[in-house]
Enquirer: 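Below you will find the structure I want to go over with you.
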Protein chains: 2
Amino acid sequence: MGKVHEPLCILDENCPLRQMFDLVGDRWTSSVLFVIGEDVKRYSDLQRQIPGVSKKMLTQTLRRLEQAGLVSRKVYPVVPPRTEYRLTAMGKSILQPVTALADWAVKHQSELKVMRKKHDAKE
Amino acid sequence: MGKVHEPLCILDENCPLRQMFDLVGDRWTSSVLFVIGEDVKRYSDLQRQIPGVSKKMLTQTLRRLEQAGLVSRKVYPVVPPRTEYRLTAMGKSILQPVTALADWAVKHQSELKVMRKKHDAKE
DNA sequence: CGGTATCCTAAAAGATACTG
DNA sequence: CAGTATCTTTTAGGATACCG
C-alpha cells in the first residue's frame, strides 16, 4: 500500500523491451512493416509507397528485418530482376501492435495537429 | 476480384501514420512514454530507469513529447529544483499501443535471440 | 536537482555512378 | 529492376563545463 515509483523494469541493453524500441526506433522499420502488411511487395512497390526513403535506406532496413526474421526475401533469377518481400509468420504477428500505433495516429491526428500549430506559432 | 497491390495509403510527409512512425522512430520516445506510464516521474527517475540516455537526449525527448501534447511538465520552484513529468490524457492513450509493442517483444524474445545468433554466426 | 551551452566526433544518410 | 560502391555532407549524439 502506498508503494509508488517501483520501476516496472530497467530498460538496459539486454531488456527485450529496449531491443524492441530500438527496432521500431529505426526510422523506416515501422513504415516498411506496415506497407508490406499481409501482401507481397516488390522493391519498387516499397520505394513508391514510402516516399522519401532512399534505395540505401530501404535496402538497409529490409536486410535488418530479414536478419531479425520478420521479413523474407525471394529473388527470381529473371531479367529484369524481380524480388518479392513478404512478412514471415513472426513479422505478421508484429503487425497488430504496429497497426495499433497507426490506428492511434489516425484517431488523434487532429489533436496532434492542434498541438503542432500551437508550437509553431510560438517560434 | 483479383485486385491486388492497391496501396492502403501512401506514407508521405502529411500522412498521420508517417508522423506517428517518425515520433516513435525517435530513439528514446517509446522508452520515455513507457517508463512514465501511469506514474509521476522526476527527471532523475527517468535518467536512472533508462540507462544510456544522456541529459541532452532525455531533455530533448521530453520537450518534444511536451510539444506534441503527450507529456506534461510541472516545475516546483524549490531548491534544489523538483520537476515532475506525467503523461497527459492523450499520452496515456498511446500507452496501449506502446505496451502492445512491449508485450510482443517479451513474447518473441527467444525467437528473436535465435535469429540474432544465426546472424552473428554468419559473420 | 534539473537543466543549458559549447564543442567535437562518429555515425547516418544523401548524391551519384555503376552493374548483373 | 534491384540493387552495390563510393564519396560527401549532415546530423545525432557524447563529453564537458557551467548555472539558478
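Residue numbers begin at 1 in each chain, while the letters A, B, ... track the order of the sequences.
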Enquirer: The side chain of A:Gln60 lies closest to which of these nucleotides: C:dA13, D:dT4, C:dG3?
Expert: C:dA13
Enquirer: Does A:Tyr85 put a side-chain nitrogen or oxygen below 4.0 Å from OP1 or OP2 of D:dC1?
Expert: no
Enquirer: Assess whether side chain to side chain contact (heavy atoms under 4.5 Å, CB included) is satisfied between A:Arg82 and A:Lys74, documenting all intermediate values.
Expert: CA-CA 8 Å; A:Arg82 175 188 188 85; A:Lys74 182 163 188 183; over 6 Å; no
Enquirer: Given that B:Pro81 and A:Pro81 both sit by DNA chain C, which one's nearest nucleotide is further toward the 5' end?
Expert: B:Pro81
Enquirer: Whole angstrom is fine here: how far is it from CE in A:Met57 over to P in D:dG3?
Expert: 15 Å
Enquirer: Using distance alone, with no hydrogens and no angle criterion, decide if B:Arg64 and B:Gln60 have a side-chain donor and acceptor under 3.5 Å apart.
Expert: yes
Enquirer: Write down the distance between NZ (B:Lys55) and P (C:dT6), rounded to a whole number of angstrom.
Expert: 16 Å
Enquirer: If I take atom CG in residue A:Asp26 and atom P in nucleotide D:dA12, what distance separates them, rounded to the nearest angstrom?
Expert: 15 Å
Enquirer: B:Glu84 has an atom CD; how far is it from atom P of C:dC1, in whole Å?
Expert: 15 Å
Enquirer: Taking only the side-chain nitrogens and oxygens of A:Arg42, find out if one of them lies under 4.0 Å from OP1 or OP2 of D:dG3.
Expert: no
Enquirer: Would you say B:Ser54 places a side-chain N or O within less than 4.0 Å of OP1 or OP2 belonging to D:dG14?
Expert: yes
Enquirer: I want to check one thing: is the phosphate of C:dC1, taken as OP1 and OP2, less than 4.0 Å away from some side-chain N or O of B:Arg48?
Expert: no
Enquirer: Just checking, any donor-acceptor pair under 3.5 angstrom between side chains of B:Gln67 and A:Arg116?
Expert: no
Enquirer: Expressed as a whole number of angstroms, how long is the span from A:Lys41:NZ to D:dA2:P?
Expert: 13 Å
Enquirer: Treating Ile, Leu, Val, Met, Phe, Trp and Tyr as nodes and any side-chain heavy-atom pair under 4.5 angstrom as an edge, say whether A:Val35 and A:Val106 lie in one connected cluster.
Expert: yes
Enquirer: Quick one: is A:Arg73 getting a side-chain N or O under 4.0 Å of the D:dA2 phosphate, OP1 or OP2?
Expert: no
Enquirer: Touch check for B:Pro80, heavy atoms < 4.0 angstrom, all strands: base, sugar-phosphate only, or nothing?
Expert: sugar-phosphate
Enquirer: To the nearest Å, how far apart are A:Ile50 CD1 and C:dA13 C1'?
Expert: 16 Å
Enquirer: Could you tell me how far apart A:Arg27 (CZ) and D:dG13 (P) are, to the nearest whole angstrom?
Expert: 12 Å
Enquirer: Roughly how many Å is it from NZ in A:Lys56 to C1' in D:dT4, rounded to a whole number?
Expert: 11 Å
Enquirer: Would you say a side-chain N or O of B:Thr83 is under 4.0 Å from OP1 or OP2 of C:dG3?
Expert: yes
Enquirer: Give a yes or no on whether a salt bridge exists between B:Lys113 and B:Glu111, defined as a side-chain N under 4.0 angstrom from a carboxylate O.
Expert: no
